[in-house]
Every structure is written in C-alpha cells, then in structure tokens.
Amino acid sequence: MSYLGVGVSPGNVTGSSTKMKLIDRKVRVTELILRSLVCAFALVAAVLVATDVQVREIFTIQKKAKFTDMKALVFLVVINGIAAGYSLVQAVRCVVGLVKGSVLLSEPLAWAIFFADQAVAYLCVAGVAAAAQSAAFAKLGQPELQWMKICDMYGKFCNQVGEGIASALFACIGMVLISCISAFGVFRLYGGSKPRQSSRW
C-alpha cells in the first residue's frame, strides 16, 4: 500500500519525492512483514488447537478431550483461520505493490482495507479473550460452581491449548499494529490533498 507521494509540486520533486518514496517503501515493507507474521502465528494457533486431542481412561471408560468441547476454542480456531487467510491475501497484495513500485490506492480501496483490518483485529482480540477466559476456568476451576480443574486430568491437552492461545495472542498484536498502519494510510490520503490543490495556483 502506498501512503505517500501525493501532492508533490514539480519544484521540489527531486529531493522530497525521493525521501517520500523511501519512507513509503519502508512502511510497505513493514506492513508485509507484519502480515506475514500474522499469517504464520494465526495458522500455527489454529493448527495447534484444532489438532489437540487427549484420551484418558476413567473407570474403564475412555474420555476424549478435544477443542470442539469448548465453544471458545472453536471460535478461536475459526477466527485464526480467517485471519491467516486474510493476511495471506493482503501479503500477496503488498508483494505486488513492492514489485510494481509506488502505487497509490484509490480512496474506496484504502477504506475497504482499513475496515477489513479493523474487523479482523477486533475478532482476533475477542477470540483470544474468550479462549483465555475458558482456559483460566479449565486451569483454576471454579469451586463456587463446582467446576473441576480440567487441566489436572488433561495436562497435555491444556498445555497445547495454551501454546495455541499464545500464538493467537501474537497474531492479535500483529493485527492491531497492521490496523494502525492502514489507518495511517487512509488519513495520509486526505493529508496530501491540500498541497495538491494549492499547486495549481
């Protein structure tokens, strides 16, 4: 995504234009790195939680713990799958932009990316919060409600879920940072409109 390079008058195009292009490239490289990391962390989180299964035998009866037993974990897997896919698509867009050079996005497209980034970031935060709360109940229990400490029985299952939640947390932080970059890109478009208009006079 190209954020800079608008509203440059012909008189100072040699110095300022080069500086803007350098800054613009750094922003787009940072965005590419963040989106790639979010894709990786979200994918790892989804795989860790979705493949987590532990079977225990209690009084000759086999009890299987899996992520579908907790709705919060199902939500976490779905959200991180969406975040991984979305981040992959946006990472490809960033690569194409870097290969083609400085390409200024239209305002509707910039706004669409901004709203999409915000939505995915909020969903990631909600998913991590819900999963962390459920994990806390599983680890600590709730004596007042007679909820058992499930992790005392399914230690391996809880450990892998914890790793998945940690990975999802990193993906969530990355999405928050990306949403800040996309917000910068949107409002930078409007910030460059004034010099462009004044250059006509």
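Predicted model, so just to flag it, every value in this text is computed and none were measured. These values consider heavy atoms only, across backbone and side chains, with no hydrogens, waters or symmetry-generated copies.
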**Student:** Is there a path of hydrophobic side-chain contacts, each under 4.5 Å between heavy atoms of I, L, V, M, F, W or Y residues, that connects Val99 with Val29?
**Tutor:** yes
**Student:** Please round to the nearest 0.5 Å and tell me the distance separating atom OH of Tyr86 and atom CZ of Arg35.
**Tutor:** 5.0 Å
**Student:** To the nearest 0.5 Å, what is the distance between OG1 (Thr51) and CD (Gln160)?
**Tutor:** 5.0 Å
**Student:** Counting only heavy atoms not in Phe75, do more than 12 sit closer than 6.0 Å to its CZ atom?
**Tutor:** yes
**Student:** Does Lys156 have more than 12 heavy atoms from other residues, nucleotides or ligands lying within 6.0 Å of its NZ?
**Tutor:** yes
**Student:** How long is the span from the CD1 atom in Ile178 to the CD1 atom in Ile113, to the nearest 0.5 Å?
**Tutor:** 11.5 Å
**Student:** Hydrophobic clustering (ILVMFWY, side-chain heavy atoms < 4.5 Å, transitive) - are Val44 and Val128 grouped together?
**Tutor:** no
**Student:** To the nearest 0.5 Å, what is the distance between CZ (Phe67) and CG (Asp52)?
**Tutor:** 10.0 Å
**Student:** List the atom of Ala72, the atom of Ala130, and the distance in Å for their closest heavy-atom pair.
**Tutor:** CB-O, 3.6 Å
**Student:** Hey, mind stepping through Ser134 and Lys71 against side-chain contact (heavy atoms from CB on, under 4.5 Å) and telling me if it holds?
**Tutor:** CA-CA 9 Å; Ser134 297; Lys71 300 303 180 184; over 6 Å; no
**Student:** Determine yes or no for a side-chain-to-main-chain donor-acceptor pair under 3.5 angstrom, with Asp117 supplying the side chain and Phe114 the backbone.
**Tutor:** no
**Student:** Looking at every non-hydrogen atom in both residues, tell me the closest pair between Gly164 and Val49 and how far apart they are.
**Tutor:** CA-CG2, 4.0 Å
**Student:** Would you say the side-chain atoms of Ser179 pair up with the backbone N or O of Val176, donor to acceptor, closer than 3.5 Å?
**Tutor:** yes
**Student:** Identify the two heavy atoms, one from Gly81 and one from Ala46, that lie closest to each other, and give their separation to 0.1 Å.
**Tutor:** N-CB, 4.3 Å
**Student:** Would you give the length of the straight line joining atom OH of Tyr122 to atom SG of Cys172, rounded to the nearest 0.5 angstrom?
**Tutor:** 11.0 Å
**Student:** Can you give me the closest heavy-atom contact between Ile165 and Ala135, atom names plus distance?
**Tutor:** CD1-CB, 3.8 Å
**Student:** Among the clusters formed by ILVMFWY side chains lying less than 4.5 Å apart, do Leu123 and Val125 turn up in the same one?
**Tutor:** no
**Student:** Looking at every heavy atom in both Ala168 and Ala45, which two are closest together, and how far apart are they?
**Tutor:** N-CB, 3.6 Å
**Student:** When rounded to the nearest 0.5 angstrom, what distance separates CG in Leu48 from CG in Leu76?
**Tutor:** 10.5 Å
**Student:** With a 3.5 Å distance limit and no angle check, can you tell me whether Ser167 reaches the backbone of Phe41 through a side-chain donor-acceptor pair?
**Tutor:** yes
**Student:** State yes or no: do Leu32 and Leu37 share one hydrophobic cluster built from I, L, V, M, F, W and Y residues joined by side-chain heavy-atom distances below 4.5 Å, directly or via other members?
**Tutor:** yes
**Student:** Return the minimal non-hydrogen interatomic distance between Ala83 and Cys124, and the atom names on each side.
**Tutor:** CB-SG, 3.9 Å
**Student:** So Gln90 and Val38, do their side chains get closer than 4.5 Å, heavy atoms only?
**Tutor:** no
**Student:** Are Ile79 and Val120 grouped together when hydrophobic residues (ILVMFWY) are joined by side-chain heavy atoms under 4.5 angstrom apart?
**Tutor:** no
